Asker: 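One structure, as structure tokens, below. Some questions next.
Counting from 1, the numbers follow the sequence of the chain as shown. The shown structure was predicted, so the numbers you read here are calculated from the model rather than taken from an experiment.
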Amino acid sequence: MTDTLAAGTVDLAIRQGVATVTFNRPQARNAMTWAMYQQLSKHCEAFKVDASVRAVVFRGAGGQAFVAGTDIEQFKTFSTGQDGVAYEAQIEACIDLLCSLPMPTVALIEGWAVGGGLAIATACDFRLATPGSQLGVPIAKTLGNCLSVANVTRLSAAFGPQRVKRMLMLAEMIGADEALACGYLHQLAEPSDINAATQELVQRLMALAPVTQQVSKQALNLLVKHSATAIREAEDLIRQAYGSQDFHEGVNAFVAKRKPLWKGR
């Protein structure tokens, strides 16, 4: 396996005003590496100044996952809670950039959308999924870390706070039917039909007023940002989680493929 394949890529294709961004690391369910987050940010920076792009579709390669979180192997180098603060700030900058794109964005979800993958999907304006898709942030079962307050705020706005508590505190996954019923998903489509369904939605979006779409997105994003910045203790919470013994135990247990032994400290 080459270094590029192991690190994954975030591929871009643009056709007739529609940009398609593909998270390409199917051997790891498209789990994001640092290099992939950097590529995603680079693409989003380019979209912001490219008036020829009228819509962006985000999807995962391989048909089994959208993005299955951040590659956990990378967390082995974390030694203090400040590493977690820096990581969450980096991820938040990437997600905020995606949220701020002026054109409509669509997440095409096939299979797993977990952790950072769910954050990316939630940052999109619309989401379509196959019926077997599973959505969640099971860090209470895997890593023992936390999300940034901004990402918790986005999830709460999209799913409702009680479902987010189930995801974060009970490590539950939300199925596609429930995600559709609560309004998180725009549409379900079979694997054989989801490309056509996504294209149909994109064409509807491209036929409407771009300025109205842009300012409406900005207004909704301002509401989410206001809620997130109202909480000043956010970094302390992140530092507490990533600096805990439980977080290091979670990473080591995941890599060793064993059950973590939580100690609450």
Side-chain angles (χ1 to χ4, degrees), residues 6-8 23 25-34 36-37 60 62 64-92 94-95 109-123 129 132-152 154-156 158-159 161-176 178-179 184 234 237-265:
F23 304 104
R25 197 172 175 237
Q27 75 279 7
R29 290 183 175 176
N30 304 317
M32 296 285 281
T33 60
W34 305 147
M36 291 173 72
Y37 279 116
Q64 300 300 311
F66 179 70
V67 170
T70 300
D71 189 332
I72 291 174
E73 287 277 352
Q74 299 171 127
F75 293 127
K76 292 168 67 176
T77 62
F78 283 25
S79 59
T80 69
Q82 191 58 37
D83 290 326
V85 172
Y87 162 71
E88 290 294 341
Q90 176 187 1
I91 300 307
E92 172 53 29
C94 181
I95 299 299
I109 301 170
E110 298 174 281
W112 302 93
V114 180
L118 188 64
I120 292 170
T122 303
S133 296
Q134 293 286 314
L135 319 171
V137 191
I139 50 179
K141 183 167 61 176
T142 55
L143 290 183
N145 61 332
C146 68
L147 300 181
S148 71
V149 171
N151 274 321
V152 173
R154 292 188 189 99
L155 288 175
S156 184
F159 280 102
Q162 199 58 38
R163 286 185 181 85
V164 176
K165 287 182 180 179
R166 287 168 50 200
M167 286 191 278
L168 294 177
M169 299 175 68
L170 286 171
E172 288 187 10
M173 301 297 290
I174 302 296
E178 182 177 355
Y184 180 80
L237 297 175
I238 294 169
R239 191 175 291 108
Q240 178 182 346
Y242 280 91
S244 69
Q245 293 179 29
D246 275 357
F247 169 67
H248 294 288
E249 165 65 10
V251 172
N252 291 333
F254 187 93
V255 172
K257 294 181 170 56
R258 61 173 174 81
K259 187 175 181 179
L261 299 173
W262 306 122
K263 296 181 179 179
R265 57 181 186 271

Asker: Within the distance-only criterion (no hydrogens, no angle test), does the side chain of N151 pair as donor or acceptor with the backbone N or O of S148 below 3.5 angstrom?
Answerer: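 No: the side chain of N151 does not pair with the backbone of S148.
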Asker: Main chain of A129, side chain of S133: is a donor-acceptor contact present, judged purely on distance under 3.5 Å?
Answerer: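 Checked: no pair found.
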Asker: If you count every heavy atom of other residues, nucleotides or ligands that lies below 6.0 Å from Q64 atom CD, does the total exceed 12?
Answerer: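 No, the 6.0 Å shell around CD holds no more than 12 heavy atoms from other groups.
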Asker: Once you round to the nearest 0.5 Å, how far does CD1 of I72 lie from CG of N252?
Answerer: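 The CG atom of N252 is 11.5 Å from CD1 of I72, to the nearest 0.5 Å.
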Asker: Less than 4.0 Å between a side-chain N and a carboxylate O, is that true for R163 and E178?
Answerer: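 Yes, E178 and R163 are salt-bridged.
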Asker: Which one of F247, Y37, F75 satisfies the ring-ring contact (aromatic ring centres under 6.0 Å, His included) criterion with Y87?
Answerer: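 With Y87 as partner, ring-ring contact (aromatic ring centres under 6.0 Å, His included) holds for just one option, F75.
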Asker: Answer yes or no: is there a donor N or O on one side and an acceptor on the other, between the side chain of T142 and the main chain of P138, under 3.5 Å?
Answerer: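 Here the side-chain-to-backbone pair exists.
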Asker: How far does CZ of F23 sit from CG of N30, to the nearest 0.5 angstrom?
Answerer: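 Rounded to the nearest 0.5 Å, the CZ-CG separation comes to 8.5 Å.
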Asker: Rounded to the nearest 0.5 Å, how far apart are CZ of F66 and CD of E110?
Answerer: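 Here the interatomic distance stands at 10.5 Å.
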Asker: In plain terms, say whether E249 and R258 are close enough for a salt bridge, that is, a side-chain N and a carboxylate O under 4.0 Å apart.
Answerer: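 Salt bridge: yes.
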Asker: Does E73 form a side chain to side chain contact (heavy atoms under 4.5 Å, CB included) with V255? I'd like the steps, not just the answer.
Answerer: CA-CA 7 Å; E73 287 277 352; V255 172; 3.7 Å; yes
Asker: Please assess V251 against L143 for the test side chain to side chain contact (heavy atoms under 4.5 Å, CB included), listing each intermediate value before the final yes or no.
Answerer: CA-CA 6 Å; V251 172; L143 290 183; 3.8 Å; yes
Asker: Measuring only between side-chain heavy atoms, which start at C-beta, is V67 closer than 4.5 Å to M36?
Answerer: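 Heavy-atom side-chain distance check fails, nothing below 4.5 Å.
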Asker: Start with the C-alpha distance between L147 and L155, add both sets of side-chain angles, then the distance that settles side chain to side chain contact (heavy atoms under 4.5 Å, CB included), and finish with yes or no.
Answerer: CA-CA 10 Å; L147 300 181; L155 288 175; 3.6 Å; yes
Asker: Before accepting this row, confirm whether a basic side-chain N of the pair R154/E92 lies closer than 4.0 Å to the acidic partner's carboxylate O.
Answerer: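 Yes, this pair counts.
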Asker: Measure the shortest side-chain to side-chain distance between W112 and L135 over non-hydrogen atoms and say whether it is less than 4.5 angstrom.
Answerer: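 Result no, sub-4.5 Å side-chain heavy-atom pair not found.
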Asker: Rounded to the nearest 0.5 Å, how far does CE of M32 lie from CD1 of I120?
Answerer: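 Reported to 0.5 Å precision, the distance equals 4.0 Å.
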Asker: For the pair L168 and V164, evaluate side chain to side chain contact (heavy atoms under 4.5 Å, CB included) and give the outcome as yes or no after the intermediate values.
Answerer: CA-CA 6 Å; L168 294 177; V164 176; 3.6 Å; yes
Asker: For a 4.5 angstrom cut-off between non-hydrogen side-chain atoms, does M167 reach I174?
Answerer: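 Side chain of M167 against side chain of I174, heavy atoms only: contact under 4.5 Å found.
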Asker: Supply the atom-to-atom distance K141 NZ to M173 CE, rounded to the nearest 0.5 angstrom.
Answerer: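 Atom-to-atom, K141:NZ and M173:CE are 8.0 Å apart.
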Asker: Locate the shortest heavy-atom distance separating A31 from A68; write the atom from each residue and the value.
Answerer: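 Here A31 and A68 meet closest at CB-O, 3.9 Å.
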Asker: Test D71 against every option in R25, R29, K76 by the salt bridge (Lys or Arg N to Asp or Glu O under 4.0 Å) rule and name the one that passes.
Answerer: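 The residue from R25, R29, K76 that satisfies salt bridge (Lys or Arg N to Asp or Glu O under 4.0 Å) with D71 turns out to be R25.
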